Amino acid sequence: MKKLEIIIESVERRKVCRLLEQLNVSGYTIIDDVMGKGRHVTRSGSELSNILKNSLIIVVETEEVIDKIIDLLKKEVLSYYSGKLFLSDVNIID
Amino acid sequence: MKKLEIIIESVERRKVCRLLEQLNVSGYTIIDDVMGKGRHVTRSGSELSNILKNSLIIVVETEEVIDKIIDLLKKEVLSYYSGKLFLSDVNIID
Amino acid sequence: MKKLEIIIESVERRKVCRLLEQLNVSGYTIIDDVMGKGRHVTRSGSELSNILKNSLIIVVETEEVIDKIIDLLKKEVLSYYSGKLFLSDVNIID
Amino acid sequence: MTEFISDALQNLATPMILFFVLGFISTIIKSDIEIPQAISKVLAIYFMIAIGFKGGVEISKTGIDDGLYDSVLNALIIGVTTPLIAFLILKYIGRIDNINCGAISAHYGSVSVVTFVTAISFLNSKSIEYNGYMAGMMALMESPAIFVSILLVRIFSSQKISTLKSNYVDLLKESLFNSSVVLLFGSLIIGMIVGGKGMSSVKPFLVDPFNGVLTLFLLDMGMIAGQRISEFKKVGLFLGTFALTMPIISAVGTVLLCDAFAFSVGDTLLFSVLAASSSYIAAPAAVRIALPQANPAYYITMSLAITFPFNIMFGIPLYYSIINYLS
Amino acid sequence: MTEFISDALQNLATPMILFFVLGFISTIIKSDIEIPQAISKVLAIYFMIAIGFKGGVEISKTGIDDGLYDSVLNALIIGVTTPLIAFLILKYIGRIDNINCGAISAHYGSVSVVTFVTAISFLNSKSIEYNGYMAGMMALMESPAIFVSILLVRIFSSQKISTLKSNYVDLLKESLFNSSVVLLFGSLIIGMIVGGKGMSSVKPFLVDPFNGVLTLFLLDMGMIAGQRISEFKKVGLFLGTFALTMPIISAVGTVLLCDAFAFSVGDTLLFSVLAASSSYIAAPAAVRIALPQANPAYYITMSLAITFPFNIMFGIPLYYSIINYLS
Amino acid sequence: MTEFISDALQNLATPMILFFVLGFISTIIKSDIEIPQAISKVLAIYFMIAIGFKGGVEISKTGIDDGLYDSVLNALIIGVTTPLIAFLILKYIGRIDNINCGAISAHYGSVSVVTFVTAISFLNSKSIEYNGYMAGMMALMESPAIFVSILLVRIFSSQKISTLKSNYVDLLKESLFNSSVVLLFGSLIIGMIVGGKGMSSVKPFLVDPFNGVLTLFLLDMGMIAGQRISEFKKVGLFLGTFALTMPIISAVGTVLLCDAFAFSVGDTLLFSVLAASSSYIAAPAAVRIALPQANPAYYITMSLAITFPFNIMFGIPLYYSIINYLS
Ligand SMILES: Nc1ncnc2c1ncn2[C@@H]1O[C@H](COP(=O)(O)O)[C@@H](O)[C@H]1O
Ligand SMILES: Nc1ncnc2c1ncn2[C@@H]1O[C@H](COP(=O)(O)O)[C@@H](O)[C@H]1O
Ligand SMILES: Nc1ncnc2c1ncn2[C@@H]1O[C@H](COP(=O)(O)O)[C@@H](O)[C@H]1O
Ligand code: NA
Ligand code: NA
Ligand code: NA
């Protein structure tokens with residue numbers, strides 16, 4: 001299985017979740033108060049409009065589903081908003 | 001070393017920590033405000049009883065200890081509560 | 001690429017970020033409300049001075065940069081403060 | 001009847017109820033209002049302290065009424081019978097499985113602090129008196145239903161319920177020392193010790209802004225209820241109807257019981273509101289631990305999204321008019 | 001002139017403004033004061049409820065003024081012209097690209113709740129009357145500028161802007177049902193329904209501590225503004241100047257317009273402050289969704305770190321003295 | 001003696017102290033009451049603003065007293081001697097290593113805002129006057145002890161302490177511009193500028209609910225202290241005794257010093273409470289940075305779980321009776 005960590009501006013969190021549900025992923029986990037610094041502005045989380053704050057979304061799925069997610073996110077979200085995708089190997093314990 | 005990520009309902013957090021300490025793990029890290037969606041209800045974190053909220057517990061340990069943790073958690077917690085275990089490879093830097 | 005997870009007392013968070021910027025990392029992500037237990041005190045996050053609370057900082061970089069980070073952190077931070085470094089493999093999706 | 005309608009309308013036209021409605025609507029239209037969880041939590045604590053403390057100060061003034069022992073007895077009777085009746089209805093009329101019967105009856109047998117607080121607000125607006133120790137009665141009525149319900153599950157289940165032994169310890173702690181019980185009793189006792197003099201020093205915080213804070217809290221509760229209403233379908237017709245009729249059954253039974261005890265109108269209303277109310281803070285946490293196999297989508301949605309709004313909007317004036325009708 | 005200076009000094013010497021300055025300084029000297037985000041968020045909600053509710057209660061008392069229709073018209077005119085003027089200045093004088101023109105003009109066309117609240121505080125301290133429905137005018141003026149600005153970007157961009165279709169749905173929701181609009185209108189209507197009687201029950205929470213809470217909130221705003229000032233260099237000279245002159249242009253225009261409508265001094269001041277103010281809660285979220293290619297470092301820094309402090313410290317007394325001068 | 005007992009009982013019977021006890025007990029019995037950290041943080045800020053601001057307004061009314069220079073001198077003497085005495089006792093009687101000596105003496109030399117606030121509450125309940133600038137004295141006494149203690153560690157350690165150079169910069173910033181110092185001084189100055197007129201606008205927020213808010217905050221502090229008491233064993237007998245006797249030593253010394261300066265009873269009590277109090281917000285953060293090798297389990301537990309409860313429950317009335325006895 002693969003673990004995809006999606007770091008995205010909090011304003012876009014709802015949309016990313018909607019896209020994940022469209023793809024029928026088996027589940028996802030969200031950490032909502034995440035700060036960060038990248039090529040764009042520093043997201044210190046300290047203002048009221050939620051645009052300078054990140055959310056971290058974790059999805060563990062098969063490689064096939066993860067590929068679909070990546071494609072969809074690239075098209076619908078990451079071409080306009082700042083964000084990062086980190087992919088790694090993981091085992092789900094059942 | 002192995003990294004075990006335990007996603008569990010917040011009501012069960014104390015118990016999981018107690019179990020980890022029983023097994024004498026060298027340490028653990030907790031992120032407490034975690035939302036999620038899986039096979040069961042959506043845990044949006046937005047109510048007062050802590051049952052619709054997850055916690056994420058990270059333990060980095062040797063494979064042997066991790067196996068013990070997984071067995072104990074499966075028996076004592078995961079047969080009744082919703083939750084997920086993700087296992088991956090990691091190096092501890094000393 | 002490598003993912004370095006830095007768990008450090010919150011009082012030292014600013015300093016770690018300063019060091020990362022000194023090394024010109026391409027970015028980092030911070031989760032600020034993290035509890036934990038290790039060899040030292042239990043960091044339950046529940047007091048006012050921020051010393052019994054951890055922060056989790058994630059940096060994804062090339063092995064070379066990560067090595068520099070590890071060296072610098074060991075010298076400047078980890079010799080005095082409690083903290084942990086976890087290193088694993090990851091792919092950045094661009 | 002006309003009085004009930006006018007009372008209901010008057011009750012609906014208070015800022016508290018209207019803000020609840022605003023919260024509810026705002027979630028339906030998917031507005032992005034967001035009251036951080038840290039705030040909801042501290043507001044819930046505020047109400048328990050304020051209610052308990054005020055009750056304690058009242059007791060310190062009037063002394064302990066003869067009615068106290070009757071009230072304790074009454075509280076325990078309600079706390080034991082309500083979950084029993086709920087369980088039987090769910091099992092034999094609804095044909096729900098034992099575990100979910102137990103989980104739901106634990107909620108309807110236990111009490112809701114905010115419903116109680118709204119009833120106090122209602123009584124104050126009508127200048128009707130009630131006893132200071134009613135806050136203590138609420139604390140008393142939190143836990144018994146949870147134990148009774150679990151006992152019922154055990155009794156009715158032939159095969160052994162796989163509740164772990166360690167769970168019982170957790171459950172006992174969770175129930176006896178759960179935050180509402182400790183805060184309510186603790187503040188009550190503090191209020192009794194410090195009396196009127198202590199009250200005057202904290203009144204601008206614990207008493208004066210009470211209704212206003214309730215306004216903000218009910219806005220939040222409205223949003224939480226609104227979010228859960230989407231799970232309404234999962235609850236189904238029977239449970240939906242149960243969530244609307246069980247409160248009325250409990251309230252009417254309680255009114256009759258209180259009549260036998262000859263309690264005042266204020267106390268009777270508070271007792272019937274407590275009986276009618278369904279817990280959504282203490283009980284869910286306890287039930288999740290004691291009966292993990294039960295479905296939270298049922299009990300949380302019924303308690304929070306159906307019974308709670310019904311009680312604060314229509315239930316309270318309805319029970320009040322029933323009391324007036326019967327006396 | 002002397003009156004302006006004395007007004008400005010008097011305005012600067014209020015606890016609210018001074019706590020803003022303290023917050024600003026504390027960030028500059030890198031003090032570690034930290035007001036948790038949960039608190040900032042709930043304080044912002046508090047102000048919208050308090051302002052809206054109070055306005056509604058006023059309306060319930062005085063009835064709807066003849067001036068209401070004029071005011072709505074005025075609000076819409078300002079809401080449409082301000083972003084247009086801003087856009088043209090940015091494009092033809094500043095030579096800024098279309099997308100950033102649109103993003104910035106959306107902010108300056110929309111309004112800032114806290115600036116409005118500070119202006120109310122200013123009027124109260126001078127015992128100048130204003131209409132209860134002005135809170136509704138603020139709610140009305142939140143969204144139009146955002147739509148106008150996006151339209152302008154579309155019109156001026158020959159090549160198709162790659163705003164996704166789904167974004168429009170999000171944007172409409174974000175703008176019409178955004179939290180400020182819902183809270184302001186909702187509380188206004190609640191205030192109208194419950195009137196003076198409802199007010200008395202929540203006054204100790206929604207009215208009495210208002211200025212004090214503003215003090216704490218402005219301390220926080222000062223820190224947020226101070227943090228952003230470090231990005232000042234990225235904004236550049238032209239945009240920095242724009243952030244100081246655009247408010248004055250909008251305010252003067254509005255004063256003249258209000259003069260034509262013959263509004264009272266209080267209403268005129270509030271309208272000009274609304275026109276002069278630049279949004280930093282609703283607009284950034286909407287613009288981030290509608291025009292993701294625009295640079296947040298520009299619009300957030302200008303709105304929050306330049307225009308907002310300017311308005312609450314110097315703008316309000318300045319616009320007031322302009323109104324007095326012209327009338 | 002009888003007066004001390006009656007004072008102590010009276011002090012113990014205030015809502016504030018009783019809520020502290022409730023918080024403490026609730027943790028011991030493992031109740032799940034949870035006051036979110038965001039709330040604790042903002043309450044701590046509230047107290048510093050309220051105390052500083054009120055002090056400033058007082059000064060603006062009475063003008064600066066002749067005693068100010070004496071008070072500053074007194075504050076500095078205490079700020080320098082207390083850590084020195086603490087260090088010597090720890091080193092030569094307790095035989096503690098230098099680093100932990102320094103860490104602990106930094107805490108006992110610095111001051112606790114909440115202990116001070118509780119003492120103010122005590123004085124108010126007895127209608128005893130004190131000077132407005134005492135809040136400034138508290139701010140003055142925050143940092144010197146930290147520097148003195150580190151200096152002592154340096155002096156007594158033959159081998160070089162491996163405190164990094166960069167740490168010194170951090171430490172200086174942390175100490176001079178730490179949040180309590182900035183908020184206390186800042187609010188004091190704001191209070192002086194705006195005076196009585198500014199006060200009236202924020203009184204319903206910063207003054208009236210003060211005691212009530214303290215109630216909620218002490219509930220939280222009780223829980224935090226209760227959580228740490230489990231680490232009591234790690235502290236050991238000597239340090240446990242130190243945590244109870246050092247406050248008395250500091251207080252008695254301060255009473256004598258204040259007597260020499262002929263300060264009023266109110267000021268003397270506040271000075272001795274400041275001397276006796278041990279920091280648990282500012283000092284831990286500074287010490288963690290300056291002396292990372294020291295064991296937080298010692299200093300946090302001693303400060304928070306032993307000295308703080310002792311001072312607010314018994315210390316304040318004890319020091320008051322000592323002052324009365326000596327004068
Ligand atoms: N190299 C990195 N390692 C970890 N997180 C990163 C890295 N680069 C970017 N991020 C995160 O991704 C967010 C968006 O990055 P960017 O699009 O580069 O502004 C940042 O705010 C960080 O939270
Ligand atoms: N595929 C997944 N990827 C990431 N997190 C998951 C996944 N499935 C479940 N989770 C998390 O585990 C929790 C419990 O899942 P479940 O037991 O399926 O309801 C959810 O609330 C999520 O936070
Ligand atoms: N084995 C472990 N697995 C996960 N997190 C750990 C582990 N050991 C330590 N930590 C984290 O690192 C922090 C510092 O650890 P220590 O320096 O051992 O006190 C702890 O508070 C935990 O958050
Ligand atoms: Na009930
Ligand atoms: Na504007
Ligand atoms: Na001291």
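In what follows, chains are A, B, ... by sequence order, proteins preceding strands, each numbered from 1. All values derive from a computational prediction rather than experimental measurement.
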Comparing F:D208, F:L214, F:I35 against chain D, the one with the most heavy-atom pairs below 4.5 Å turns out to be F:D208

Self-check item: Check: D:S303 side chain, D:S279 main-chain N or O, donor-acceptor pair, under 3.5 Å
Solution: yes

Starting from the C-alpha separation in whole Å, work towards a yes-or-no answer on side chain to side chain contact (heavy atoms under 4.5 Å, CB included) for F:I229 and F:F24. CA-CA 9 Å; F:I229 204 71; F:F24 202 92; 4.1 Å; yes

Can a donor-acceptor pair be found, under 3.5 Å and without considering hydrogens, that links the side chain of D:Y108 to the backbone of D:A145? no

Side chain of F:Y319, backbone of F:N311: donor and acceptor closer than 3.5 Å?
no

Whatever's closer than 4.5 Å to a heavy atom in chain F on D:S187 counts as both

Indicate the ring-plane relationship of D:F47 and D:F210, choosing parallel, tilted or perpendicular according to the 30° and 60° boundaries. perpendicular

Between F:D220 and F:S40, the two heavy atoms sitting closest are OD2-OG, 2.5 Å

For residues 113-139 of chain F against chain D, heavy atoms under 4.5 Å, the residues are none

Applying a strict 4.5 Å limit to non-hydrogen atoms, the region of D:K197 in contact with chain F is side chain

Okay, D:F53 and chain F: the region with an atom under 4.5 Å from a heavy atom over there is side chain

Has the side chain of F:S31 got a donor or acceptor atom that lies under 3.5 Å from a matching backbone atom of F:T27? no

Minimal heavy-atom distance between D:A297 and D:R228, with the atoms involved, is CA-NH2, 4.5 Å

Residues of residues 13-23 of chain F with a heavy atom under 4.5 Å from any heavy atom of chain D, in residue-number order, are F:A13, F:T14, F:P15, F:M16, F:L18, F:F19, F:L22

* To do: Check whether any side-chain N or O of D:S110 sits under 3.5 Å from a backbone N or O of D:H107 as a donor-acceptor pair, and report yes or no.
  => no

Applying a strict 4.5 Å limit to non-hydrogen atoms, the region of F:I25 in contact with chain D is neither

Checked D:I39, D:I193, D:I45 vs chain F; the most non-hydrogen pairs under 4.5 Å come from D:I45

For F:S60 and F:G196, the nearest pair of non-hydrogen atoms, with its separation, is OG-N, 4.2 Å

d(D:L183 CG, F:I33 CD1) to nearest 0.5 Å is 3.5 Å

| Checking F:D32 side chain against D:S179 main chain: does a donor-acceptor pair fall under 3.5 Å? | yes

